[in-house]
Amino acid sequence: MTEVMQTLVLIKPDGVARNLIGEIVSRCEAKGYVVRELKSIHASRELLEQHYAEHVGKPFYEPLVEFMLSGAIVAIRLEGHRVIEGFRSLAGATDPTVAAPGTIRGDLGRDWGLKVQQNLVHGSDSPESAARELALWF
Ligand code: UDP
Ligand code: MG
């Protein structure tokens with residue numbers, strides 16, 4: 001039996017603005033994962049700079065922070081066995097144009113011609129990232 005894991009899921013400002021909170025939470029629940037905590041927040045620049053520290057200096061970094069500051073974000077503590085990789089699978093590839101149909105980004109996202117991909121969700125990419133990010137947001 002593997003350990004029960006938790007991951008940080010964020011519904012980014014585009015997902016909130018497009019009224020996709022229910023659709024995205026529904027996909028997590030339908031998969032079988034459990035929502036342990038959920039809140040809507042306007043993130044501060046400080047929080048986002050810590051959250052995306054690995055991307056400092058990349059061309060999309062400042063547009064990404066500005067995008068994440070542009071509206072409300074829904075933060076979710078999602079739980080289940082192998083939920084970190086499982087949610088990344090539900091989310092699909094970073095680029096919504098090529099994200100597989102059936103995934104959140106593939107079904108619901110598209111390229112809007114902007115400096116940053118507005119791709120609806122964030123999901124932690126490792127146990128270390130999940131622990132770090134959950135401590136930042138909750
Ligand atoms: N991003 C982008 N262009 C890129 C890489 C990333 O616009 O070439 C944005 C996109 O919104 C992505 C976020 O920056 O979700 C964080 O990038 P990461 O590589 O961590 O992708 P993710 O883990 O979200 O799939
Ligand atoms: Mg990432």
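Values reported hereafter were calculated over all heavy atoms of this structure, with side chains retained and with hydrogens, waters and symmetry mates removed. Start at 1 and go down the list; that is how both ligands and their atoms are numbered.
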Handout entry: Selected option - heavy-atom contact closest to atom 23 (O) of ligand 1, from R88, H122, K115, Q118
Key = R88

Problem - Option with minimal heavy-atom separation from atom 14 (O) of ligand 1, where the choices are Y61, F67, F60 - result: F60

Practice task
Could you tell me whether K39 atom NZ has more than 12 heavy atoms of other residues or ligands within 6.0 Å of it?
Solution key: yes

Problem - Derivation and outcome, side-chain contact (heavy atoms from CB on, under 4.5 Å), residues E66 and R45 - result: CA-CA 8 Å; E66 290 294 329; R45 179 173 283 273; 2.5 Å; yes

Exercise for the section: Tell me, with the steps shown, if E133 and R77 meet salt bridge (Lys or Arg N to Asp or Glu O under 4.0 Å). Expected result: CA-CA 10 Å; E133 293 171 3; R77 182 189 295 274; over 6 Å; no

Practice task
Number the atoms of ligand 1 from 1 as they appear, then name those within less than 4.0 Å of a heavy atom of K12, with their elements.
Solution key: 11 (O), 12 (C), 15 (O)

Problem - Cation-pi check, K12 onto F67 ring (under 6.0 Å, within 45° of axis) - result: no

Exercise for the section: Find all atoms of ligand 1 within a distance of less than 4.0 Å from any non-hydrogen atom belonging to N119, and give their numbers and elements. Expected result: 10 (C), 11 (O), 12 (C), 15 (O)

Handout entry: Contact check: Y52 vs ligand 1, nitrogen or oxygen atoms, below 3.5 angstrom
Key = no

Exercise for the section: Record the part of H55 in heavy-atom contact with ligand 1 below 4.0 Å; permitted values are side chain, backbone, both and neither. Expected result: side chain

Fill in the blank from the handout: Nearest non-hydrogen protein atom to atom 24 (O) of ligand 1, with distance, is R105 NH2, 3.1 Å

Exercise for the section: May I ask you to check if ligand 1 and Q117 share an N or O to N or O distance below 3.5 Å? Expected result: yes

Handout entry: Heavy-atom nearest neighbour in the protein, as seen from atom 21 (O) of ligand 1, with distance rounded to 0.1 Å
Key = T94 OG1, 3.4 Å

Exercise for the section: Examine distances only and state if a side-chain atom of T7 and a backbone atom of L78 form a donor-acceptor pair shorter than 3.5 Å. Expected result: no

Exercise for the section: Have a look at E79 and tell me which of Q6, E37, M5 forms a side-chain contact (heavy atoms from CB on, under 4.5 Å) with it. Expected result: Q6

Practice task
Report the part of L64 (side chain from C-beta onward, or backbone N, CA, C, O) that has a heavy atom under 4.0 Å from ligand 1; answer both or neither where that applies.
Solution key: side chain

Handout entry: Residue of the set D111, T94, T97 for which side-chain hydrogen bond (donor to acceptor under 3.5 Å, both in side chains) holds with Q117
Key = D111

